[in-house]
Asker: 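Supplied in C-alpha cells, the structure appears directly below.
All figures in this text were calculated on a predicted structure; none of them were measured in a lab.
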Amino acid sequence: MLKNRNTKAKKGPIGPLWVRWLLFTAGALCMGLAIAIAVLWLNFDSLSTVASWAKKYTTYVPLTALLYAVPIFLLGAAFGRLWLSSLLVGSVGMILALVDYFKNMINGTPLELADFGLASKLSQVAGVAGDLVPPIDFWRGTAVLLVCVLLLYLFRRLTEISGSVRFLSLSMALIVLIQLFSTSGAAWVGNTFGVDVYASMPAAQNHNVHGLTLALWRDLMLQKKEAPEGYSEEMMQAALTRIDEILADGDETAATEPNVIMILSESFFDLNRLPGLRFERDPLENFHALEKEAISGSFFSHYLGYGTGYIEMAMQYGITNHDFGASTNICFLKDEAYDYFDALPEQYGSDGGYQRTMMHSFNDSLYNRTVTYPRLGYSSLLFSADMQNMGIEWEGNPYGGYYLKDTYLMEALMQELKNINASGKKAFLYGISMENHQPFDAEKFGYVCQMGVESDTLSEEDMAIVRVMLEGHIRADQSLGYLTDALRKYPEPTVVVFFGDHRPNLFMTDGHTVYTKLGLCPSEDTMEWSLEQTKDIYSTDYMIWGNDAALLGDQAGTRKDSSATALGPDLLSVTHQPASRYWGLLQKVREVSLSNLDLYFVNQNSQPFRTVEDASLTPQQQELLQLRELVIYDAFYGKQYITAKMNERPGS
C-alpha cells in the first residue's frame, strides 16, 4: 500500500498552487509567442524578415502572441491540460498559415476573412488549383511547435491547476477573449497596440503590415459602417427625388431587344500586352479582327488571379466588396439580400419576353451560384454535366486542359439560344468558361501549343508554363471566332459581350510571376507598384459585338474602356434598354468612376488615383457617388426606405 501511495504522489502536481498558476500563465504566453513566430515565419518566408517586421512594428508581435495565448489559456483551464490546448491552437494557427501560403501561391493574394465563405468548398478549390505542396518552412515551424508542446507535456505537473483557481482562470480568460473580439474591446486593443481598426485597406497591404493573424483579426473587428449623418426616411425620400431629377433626361431611343450573350472568358487578356514575348503570329486573331466591328477596350478588374464570383456579382448586381466590411463575402450574403435590387438580367424581360440562363463549364460547387443566380433572375442554371446532356453533336473528348472546352461551351450557348428563340422568347445567356483556368502546369494541354513563342528573358522551364497560358488563350480566341461565325448566319439579332474576368497570376519556376519577370512590376508586392502598374495588371480586355452592325449604332469599331461595374451599364446603353432607378443610377456613376476599390480609384477617363479624394471630383460627381452609397446603405444596412422604389422606372 505504501508503494502505491508513493506512486500516486509522484503523479500529482509539483509545487505550490500559486507557482503552478504562474508557470501555467507563462507557458500559455510562451506558446502563444511560439505560434505567432511560426505563423509569421511562413507568412514572411524567413525568420530574418520576421525580425525586420517585428522591429518596425514593435507592438504587433506581442498582440499576435496574445491572440494565440488567450485561447490556449482558456482551453488549458477548461481541459486541465496546457499541452493539449497548445497543440490544438498551434494546429489551427499553422493550418491558417498554410492556407494563406497556398492562396498566395495560387492567386498571389493573401488569405482574407471573406474567403472563409468558401471554407466548405476547400476540396473543390484545391481541385482547380493543382498540386499543392507545403513548403519546408511549414515543416520547420511545425517541428518547433511540436517540441514546445512536448516540453509542456513533460513538465505538465508544474503547470497543473485545479479547484477554484482553475475555475477563476477559465472565467478570467473568457472575459479577456470576449474583450478581444468585442467591438469596444477591439477598439481599445487597437488603440493600445497601434492597430487601426477603422480604415479599410487592400488585402495585400493589410497582410504585409499586420501579418496574417492580425490581418484576419483586424478584418473581423473592423468597425462597422456607420449610418450616414442624418439618415432617416425623409433623407432617403429626398435622395429618391434627387435621383429622379438626375435621371429625368434619360435615353429615349427605343430598345433594340436583341438576344444577349455575355461570356466570362476565364483569365483572358490581350497577350500582346506582355513585353518581351515574340509570337509566331497573332495569338488572338479572332478577337482583334472582331474589335474592328465592336466596342472594345480595357476591362478594369477587381482581382488578379482569382475572384471570378466576386466579379460576377459586381457586374450583375452592382455591388462590390468595397461596399461592405472586410469580413463580408459578397457571394455569401443572406439569401434575401440578392432580392433587394433587380439584377442586370432582370432589366431584360421584365414583361416576360426574355428567358435567362446561366451556363458554367464546371460544377455547381463554388461561389454559392445555385443560391444567388436564381435570385438574380435566372430561370435555368446549366453546369458542365447538364451541357453534356443537351445532345450536342461532338466528336472527340469535350474536355481540354482539365475542364470543358470553351468551344463546347459556345456550341451549348448556340443550342440554348436556338431553343429559347424557337419558344418565342428572347435569350439572355451568361456563359462562364473554364478551359483557360489554372493550374498552368506544363502538361496541362499534353505539351501541345499551336503557336511558337520566344523570349530573351525567360528560361525554357518558364517558357513551358508560358506556352500553356498561350494555348489556353488561343483556344479561348478560337471559341470566340466559332461563336461569332455561327451568329453571322443566325437570323435573330444578337449582342455578344466577351470579357476576361482577371489576368492569370502566372507563377514561374522561381516563384515570381510572369509580370515581374517581364518587368511589368518590381515584385509580387502590390504595395510596391505604381498606379500605372496597378492599372495595367489589374485590367484585361473586353468587347461588345453584334451580329448586325446596326445593333451598335455608330459605336462599332470604337475604343471605350470599361470595368466590372461599368460593363452592365454599358450593355444597357448599347441596347437602349429601359433601366430601373438603381441601374439608371449605376449608369450615371459609370460616367464618374470605372473602379472604386480599396486598391485604387479609376475615373471615367481611365486615370488611376490612390483614393477617390485624390481624384478631385466635381461636386456633381461626388454627389453621384454619395447617392449610390446612400442607396446601398439603405438596402443592406438600413431600413430599406426606398429599396423597392429603386427597382421601378425613374419618375414612377
Side-chain angles (χ1 to χ4, degrees), residues 13 15-40 57-97 113 116 145 148-149 152-153 155-198 206 210-224 226 325-328:
L17 182 57
W18 68 271
V19 173
R20 283 183 274 124
W21 184 86
L22 288 177
L23 291 174
F24 180 93
T25 303
L29 290 172
C30 289
M31 193 67 202
L33 179 61
I35 297 171
I37 293 174
V39 171
L40 290 166
Y57 302 105
T58 55
T59 60
Y60 288 3
V61 168
L63 179 53
T64 304
L66 187 65
L67 289 172
Y68 288 113
V70 171
I72 289 173
F73 191 100
L74 174 67
L75 294 174
F79 299 150
R81 294 175 176 81
L82 186 61
W83 68 269
L84 179 58
S85 66
S86 297
L87 180 63
L88 293 173
V89 176
S91 298
V92 171
M94 292 307 292
I95 289 171
L96 286 176
L113 203 62
F116 285 77
L145 293 185
C148 293
V149 171
L152 288 175
Y153 176 77
F155 294 100
R156 62 192 181 281
R157 292 162 60 199
L158 291 170
T159 60
E160 186 175 327
I161 57 176
S162 58
S164 59
V165 171
R166 180 177 167 187
F167 175 76
L168 289 173
S169 298
L170 177 64
S171 302
M172 179 181 66
L174 184 60
I175 291 171
V176 174
L177 190 68
I178 291 172
Q179 284 301 304
L180 282 172
F181 291 93
S182 68
T183 302
S184 58
W188 181 86
V189 170
N191 183 62
T192 302
F193 288 88
V195 178
D196 184 354
V197 294
Y198 296 94
N206 189 21
H210 299 102
L212 171 65
T213 307
L214 277 188
L216 292 176
W217 176 81
R218 186 180 177 277
D219 278 355
L220 180 64
M221 303 316 303
L222 204 64
Q223 302 300 292
K224 302 299 183 183
E226 295 183 359
S327 61
T328 301

Asker: Heavy atoms, side chains only, cut-off 4.5 Å: are L17 and R20 in contact?
Answerer: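 Side chain of L17 against side chain of R20, heavy atoms only: contact under 4.5 Å found.
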Asker: What distance do L216 atom CG and L220 atom CG have between them, rounded to the nearest 0.5 Å?
Answerer: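 So the CG of L216 and the CG of L220 are separated by 9.0 Å.
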Asker: About how many Å separate CG of N206 and CG of D196, when rounded to the nearest 0.5 Å?
Answerer: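 Result: 10.0 Å between the selected atoms.
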Asker: Return the CZ to CG distance between F79 and L87, rounded to the nearest 0.5 Å.
Answerer: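 The CG atom of L87 is 11.0 Å from CZ of F79, to the nearest 0.5 Å.
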Asker: F181 and L67: side-chain contact (heavy atoms from CB on, under 4.5 Å), yes or no, with the steps?
Answerer: CA-CA 10 Å; F181 291 93; L67 289 172; 4.3 Å; yes
Asker: Which donor-acceptor pairs under 3.5 Å do side chains of residues 21-34 form with protein atoms, sequence neighbours excluded?
Answerer:
unit_1: W21; atom_1: NE1; unit_2: S169; atom_2: OG; d: 2.8
unit_1: T25; atom_1: OG1; unit_2: W21; atom_2: O; d: 2.9

Asker: Return the minimal non-hydrogen interatomic distance between A173 and F73, and the atom names on each side.
Answerer: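 Smallest interatomic distance, heavy atoms only, reads CB-CD2, 3.5 Å.
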Asker: Work out which heavy atom in D219 is nearest to a heavy atom in L113; give both atom names and the distance.
Answerer: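 For D219 and L113, the tightest heavy-atom pair comes out as OD2-N, 3.7 Å.
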Asker: Could you grab the distance from atom OG1 of T213 to atom CG of L66, nearest 0.5 Å is fine?
Answerer: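 Here the interatomic distance stands at 12.0 Å.
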Asker: Which heavy atom of A38 sits nearest a heavy atom of M94, and at what distance?
Answerer: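 Heavy atoms only, the tightest pair is CB-SD, 3.8 Å.
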Asker: Do L180 and W188 come within less than 4.5 Å of each other through their side chains, counting heavy atoms only?
Answerer: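 No - every pair of side-chain heavy atoms lies 4.5 Å or more apart.
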Asker: Go through the steps for T159 and F155 under the test side-chain contact (heavy atoms from CB on, under 4.5 Å), then give the verdict.
Answerer: CA-CA 7 Å; T159 60; F155 294 100; 5.9 Å; no
Asker: Taking the side chain as C-beta and beyond, is there a heavy-atom pair between R81 and Y153 under 4.5 Å?
Answerer: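 R81 does not reach Y153 side chain to side chain.
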Asker: Are any of the side-chain heavy atoms of C148 and L152 separated by less than 4.5 Å?
Answerer: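 C148 does not reach L152 side chain to side chain.
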Asker: Rounded to the nearest 0.5 Å, how far apart are CD1 of I72 and OG of S86?
Answerer: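 Between I72 CD1 and S86 OG, I get 4.5 Å after rounding to 0.5 Å.
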Asker: Distance from Y60 atom OH to H210 atom NE2, nearest 0.5 Å?
Answerer: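 Nearest 0.5 Å value for the OH-NE2 distance: 4.0 Å.
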Asker: Dump the intermediate steps for side-chain contact (heavy atoms from CB on, under 4.5 Å) on L82 and R156, then the final yes or no.
Answerer: CA-CA 7 Å; L82 186 61; R156 62 192 181 281; over 6 Å; no
Asker: Hey, are the side chains of T59 and T192 touching, using non-hydrogen atoms and a 4.5 Å cut-off?
Answerer: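 Result no, sub-4.5 Å side-chain heavy-atom pair not found.
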Asker: Do you know the tightest heavy-atom contact between P13 and E160?
Answerer: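 Minimum heavy-atom contact is CD-OE2, 3.9 Å.
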Asker: Could you tell me whether the side chain of L212 reaches within less than 4.5 Å of the side chain of L96, counting heavy atoms only?
Answerer: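 In short, these two side chains touch, coming nearer than 4.5 Å.
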Asker: Closest approach of P62 and F193, non-hydrogen atoms and distance?
Answerer: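 Result for this residue pair: CB-CE2, 4.3 Å.
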Asker: Please assess V195 against W217 for the test side-chain contact (heavy atoms from CB on, under 4.5 Å), listing each intermediate value before the final yes or no.
Answerer: CA-CA 10 Å; V195 178; W217 176 81; 4.2 Å; yes
Asker: Report yes or no: does R166 contribute a side-chain atom to a donor-acceptor pair with the main-chain N or O of A77 at less than 3.5 Å?
Answerer: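 Judged by distance alone, yes, a pair lies under 3.5 Å.
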